[in-house]
Every structure is written in C-alpha cells, then in structure tokens.
Amino acid sequence: MSPLIDIKGVKHAYSTADGPLPVLDGLDVTVEEGGFCAVVGPSGCGKSTLTRLVAGLMMPDEGEVWLHGEQVKGPRSTVGMAFQNPVLLEWRTILQNVLLPLEIVPNALKGKAAEDRARFLLSLVGLEGFEDKRPSELSGGMRQRASLCRALVHQPDVLILDEPFGALDAFTREDLWQTMHDVKAKEPFTAILITHDLRESIFLGDQVVVLSGRPARTQYVMNIPRSDKPTLDDLYTSEAADRLAILRQQIEIAQGRTEAEVEG
Amino acid sequence: MNPTFRKFFVPFVAIVIFLALWEGLVWVMGWPNYKMASPSDLIPAYQRYWDLFLIMGWQTLWRTVVGLIVAIIVGTAIGMIMGFSRTMRDALYPLLVGFNAIPKATVVPIVALMFVGAHDFNTILIAFMISFFPIAVSVSIGLSTLEPEYRDILRSLGASQTTIFWKIALPKTLPEFFGALKVAVTLAFIGTNLMEIVSPHGRGLGALFDSGKTNSDYPLMFAVLIALAALGIVLYYVVVWLERTFAGWAERESH
Ligand SMILES: Nc1ncnc2c1ncn2[C@@H]1O[C@H](COP(=O)(O)OP(=O)(O)O)[C@@H](O)[C@H]1O
Ligand SMILES: [Mg+2]
C-alpha cells in the first residue's frame with residue numbers, strides 16, 4: 001500500500017527583493033495512513049512552507065507531493081488545517097465556526113447532520129456547552145480546541161497542524177496533547193504536526209522528522225513505537241529521555257548549519 | 001440608574017445644561033443677537049420659518065445621504081482594488097492622498113462652474129468627493145491586513161476568492177468600515193453645506209443660512225446651525241445603529 005503522504009525530493013525557493021531565497025532543499029517525508037508525523041527544525045527553516053505545499057496552497061519548484069496516491073496540484077478539500085493563531089471568525093459562534101468548512105466543501109454534510117457532527121466534535125475536545133459562545137469569550141486553549149474541531153469537521157484525510165499549541169502555556173498545552181490522543185482514538189486521522197517542542201513531538205508523533213537549517217532537507221527521522229494508552233508519564237521514562245537527548249543533539253546539528261551559513 | 005434611562009437621560013440633561021449656559025452667557029455679556037443669538041432668540045426663527053426648515057432640511061438630508069451612498073459604493077470599490085492588489089495600492093495611494101489633501105472649499109466653486117445649474121448633482125458630487133476617502137482607506141487596510149491564515153483556512157478547502165471575500169474578508173472589515181463611515185457622514189454633511197452656501201440660488205439648509213446672512217437675520221443663521229447639528233446627530237446615530245446591527249460582534253463588553 002502506498003503511503004498516505006509522500007513528499008519526494010521537494011525543493012522550493014521564495015523570490016524576494018534580494019533574489020531567490022532557497023527554503024527547502026531536498027525534502028523527503030513519508031507518512032503511512034493513520035500515522036502521526038511530527039516535524040521539528042530550527043525556526044525559519046521552512047516548516048510552514050512544507051505545510052503549505054502539502055495543503056496544495058503552493059507548488060514546489062522541484063519534487064513532488066503525493067496524497068492518497070494522487071499528486072497534489074492544488075488545494076483539495078480532503079485536508080484540514082490548524083495554525084498557531086486559531087483564526088476563528090469573531091462574528092460567528094463557536095458552533096458556526098466549526099461548521100465553516102462544511103459550507104465550502106462540496107458534498108459535505110448539511111443541516112442537522114452537519115450540526116450534530118460539529119457538536120460531537122466539540123464535546124470530544126471538551127467544549128460541550130460552549131457551542132453558542134463567541135470566540136472572544138473563550139480562553140486561548142479553548143479557541144485552539146475549537147480550531148481543531150473545525151479542521152476535523154469535514155473528515156479530512158490529512159490533518160495539517162502548524163505549531164497549533166505554540167502560543168499556549170505549558171499546562172494547557174499538555175492538556176491539549178492528551179486531547180489529541182483522545183480525539184485520534186475516536187476519529188482516526190493522518191497528521192503532520194509542526195512543532196518546536198521536542199516533548200510534544202515524541203508524545204504525539206509516531207515519527208519525528210528533524211529538518212536541517214534553511215534551506216531545509218530531511219536531516220533525521222526517528223520512529224517511535226505507538227503506545228496503546230499514552231499518558232504524560234510516558235515522557236518521564238528513560239526511553240523518552242534517550243529520545244529527547246538524541247533529538248536535542250540533532251537540533252543542535254541543524255542549528256549549527258544555520259549559524260555556519262550566517263557567519264560564512 | 002437603569003441603563004436605558006441613563007442612555008437617554010444623561011445626554012438630554014447635557015443638552016439642557018449646554019443651552020442654559022449659552023443663554024446665560026449671552027445674557028451676562030449683553031451680546032446683541034448679531035454678535036451671538038441666544039437659544040430663546042431661535043424659537044421665533046423656527047416658528048416663522050418652520051416650513052422652510054422642513055423643506056430645506058429634507059433637501060440637505062437626501063443629497064447628503066445620496067452623496068454618502070455613492071461614496072460608500074465608490075470608496076468600497078477603490079478600497080477593494082487597493083486591498084487585493086499591492087500594485088494597485090502603490091499606484092493609487094499617492095493619488096488618493098493628494099486628492100484628499102486639496103481643501104474642498106476650493107473645489108466647490110470649480111464644480112459649481114463646471115456643471116452650472118445642475119445643483120443637486122453638484123451638491124451630491126461634493127458630498128461624495130469629501131467623504132469617500134476614509135471609506136476607501138479603511139476597506140483597503142481591512143482587506144490587506146487580513147492575516148494569511150484566514151485566507152489559507154478557506155483556500156486549502158478549495159474556496160474561490162469570491163467565497164473568501166464574502167465569508168471572511170468583508171465581515172472582518174466591517175468594524176473598520178463603520179468607523180470610517182462615522183467620519184464620512186460628518187464629512188459628507190460638510191460637503192453638502194459648502195455647496196449649498198456657495199451656489200447662487202441654492203437649496204437646502206446652506207441656502208437658508210445664506211439668505212439669513214443676506215437679510216441680516218442673525219437668529220435665522222444660528223437656527224440653521226442648530227438644525228444642521230440636529231441632522232448631523234440623526235445621521236450619525238443611524239450609522240451607529242447600522243454598526244450595532246451588522247458589526248455588533250466587534251463591540252467590546254464595557255461598562
Ligand atoms: N511568501 C514568502 N516570501 C518570501 N519569503 C518567505 C515567504 N514565506 C516565508 N518566507 C521565508 O522563508 C523562510 C521559511 O519560512 P517558514 O516556512 O515560515 O519557516 P518556519 O515555519 O520553519 O519558521 C523564512 O526565512 C521566511 O522568512
Ligand atoms: Mg512557521
């Protein structure tokens with residue numbers, strides 16, 4: 001069976017006022033169906049660019065992105081996205097926000113069925129009772145939960161998460177990690193998660209990809225055996241400590257390359 | 001105090017106090033009414049000319065509103081062009097700023113000469129010219145500062161630019177739009193009156209003001225000013241009401 005997400009030799013450069021800025025330089029990532037791929041790398045190395053390529057929001061200069069055995073040539077309604085900024089629409093209630101993708105995706109659930117699904121997802125992430133509130137009435141963590149529901153409501157093949165927990169405090173963030181596992185148990189999805197938190201990457205990912213400094217290439221891939229019932233205690237085992245040590249070392253290497261370039 | 005009661009009672013008291021102070025000041029200083037009419041001088045002016053106030057007030061009102069509607073349409077269109085295209089923004093911005101910098105009082109006689117006799121048209125044109133700028137700027141800023149994630153959320157689902165505009169860009173710009181509209185209302189009003197006062201044989205409250213001047217009827221002139229203020233207040237609060245209705249979500253809960 002072919003992998004659900006297959007990124008092959010992707011290269012990309014932005015054109016800027018100072019000439020082309022190479023951002024991705026030979027990126028390979030493969031994620032199996034139901035897999036959870038965490039991507040870490042120095043800031044500014046091209047992680048968000050990677051998500052935009054997978055979402056079909058831009059085309060790579062070279063290389064290919066395949067989803068579900070089809071080459072990505074443009075946006076497709078089978079992806080769901082969530083960002084660091086939850087970008088909820090202030091003039092809509094939480095429920096209406098979650099329903100937004102269903103208003104756009106063709107052949108989506110409509111009416112009562114749509115609403116039931118949105119309510120189900122909201123209860124899954126612990127937002128039962130907040131359906132009719134406005135985003136401004138919710139805390140940062142709750143808004144991020146709502147944004148997650150919106151990303152899932154149209155049952156996407158691929159969930160693209162670009163540092164969704166990056167702006168949250170440590171406790172809220174850990175709560176949300178647990179929520180991610182709970183949601184995945186009931187609503188299986190395949191995900192790419194960009195993060196700058198190594199603990200997050202090993203707690204959520206079954207694969208951690210380390211990108212090199214800009215221009216990014218796949219520097220290191222770590223596979224993590226999936227645990228049946230993940231809890232935060234898993235982060236305090238000696239295996240976890242070893243994994244974190246390796247990843248930290250890899251990040252240092254990745255950053256080293258960036259620094260060398262700056263000096264050179 | 002009950003909030004609704006307070007909302008009407010407090011401004012009412014403020015107006016009464018203002019009128020009392022005005023009356024008192026004129027009385028204490030012993031000003032003749034050609035220097036400064038007092039509120040009590042105005043009542044006879046309204047009694048004598050109430051039908052003129054109604055007719056002229058209506059003329060001023062409808063031309064201001066039409067000028068404003070044109071300003072909203074053109075201003076929003078220009079704002080959309082500048083908001084969506086960087087190139088157009090760079091191209092149009094200096095032109096708009098330059099155009100806006102010209103004092104409209106200097107444009108009024110030019111327009112009046114250019115379209116002699118077309119009084120309604122002239123008045124609406126000036127009301128429009130003076131008031132579209134803030135609308136165009138606010139819409140363009142609202143659209144161009146839309147965070148890219150908002151666009152990406154919809155674009156990644158295959159939404160068209162039109163869908164993105166209606167579902168996100170437009171509603172998100174509404175608070176800024178209404179902020180600008182409040183400024184534009186006042187400006188349009190100034191534009192209408194400039195033209196009414198300057199045009200020979202003009203219409204509207206501006207012309208009534210002008211006839212007060214020609215006939216040295218000072219209380220009439222002051223009465224016109226108050227009528228203009230009253231119309232201005234009405235129009236302004238109509239916009240406030242529209243804002244509550246269409247962009248009430250942007251209001252911060254504050255007491
Ligand atoms: N649209 C763009 N045009 C030009 N440069 C860009 C654009 N988007 C991002 N960049 C640059 O490309 C680099 C990688 O960006 P990004 O993918 O957002 O990095 P990351 O998410 O890893 O922090 C950064 O240096 C950024 O400044
Ligand atoms: Mg980023």
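Quick caveat: nothing in here was measured; it's all calculated off a predicted structure.
- Proximity of Ile153(B) to Arg150(A): side-chain heavy atoms (C-beta onward) are separated by under 4.5 Å at one or more points.
- Both the backbone and the side chain of Glu149(B) come within less than 4.5 Å of a heavy atom of chain A.
- The 12-atom threshold is exceeded at CZ of Phe53(B), counting heavy atoms of other residues, nucleotides or ligands nearer than 6.0 Å.
- Within a 6.0 Å sphere centred on CZ of Phe84(B), other residues, nucleotides and ligands contribute more than 12 heavy atoms.
- Using a 4.5 Å cut-off between heavy atoms, Thr163(B) touches chain A through its side chain atoms alone.
- Expressed to the nearest 0.5 Å, how far NZ of Lys167(B) lies from CH2 of Trp91(A) amounts to 11.0 Å.
- Around atom CD of Glu187(A), more than 12 heavy atoms belonging to other residues, nucleotides or ligands sit under 6.0 Å away.
- Heavy atoms of Arg134(A) lying under 4.5 Å from chain B belong exclusively to its side chain.
- Within 6.0 Å of OH on Tyr237(B) lie no more than 12 heavy atoms contributed by other residues, nucleotides or ligands.
- Considering all non-hydrogen atoms of both residues, Ser156(B) and Pro75(A) come closest at O-CB, 3.9 Å.
- Here the CG atom belonging to Asp152(B) is positioned 5.0 Å from the CG atom belonging to Leu57(A), to the nearest 0.5 angstrom.
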Check against side chain to side chain contact (heavy atoms under 4.5 Å, CB included), Arg92(A) and Trp249(B): CA-CA 8 Å; Arg92(A) 288 172 172 240; Trp249(B) 51 268; over 6 Å; no
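- Residues Arg52(A) and Arg155(B) form a side-chain contact, since some pair of their non-hydrogen atoms from C-beta on lies under 4.5 Å apart.
- Atom CZ of Phe120(A) has more than 12 neighbouring heavy atoms from other residues, nucleotides or ligands inside a 6.0 Å radius.
- Taking all atoms of both residues into account, the shortest heavy-atom contact from Leu88(A) to Tyr150(B) is O-OH, 3.4 Å.
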Full working for side chain to side chain contact (heavy atoms under 4.5 Å, CB included) between Leu154(B) and Leu100(A): CA-CA 9 Å; Leu154(B) 288 199; Leu100(A) 179 71; 3.6 Å; yes
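- Within a 6.0 Å radius of NZ in Lys184(A), more than 12 heavy atoms belonging to other residues, nucleotides or ligands are found.
- Remark: Glu103(A) CD to Leu157(B) CG distance equals 11.0 Å, nearest 0.5 Å.
- Contacts of Ile168(B) with chain A are made by both backbone and side-chain atoms, with heavy-atom separations under 4.5 Å.
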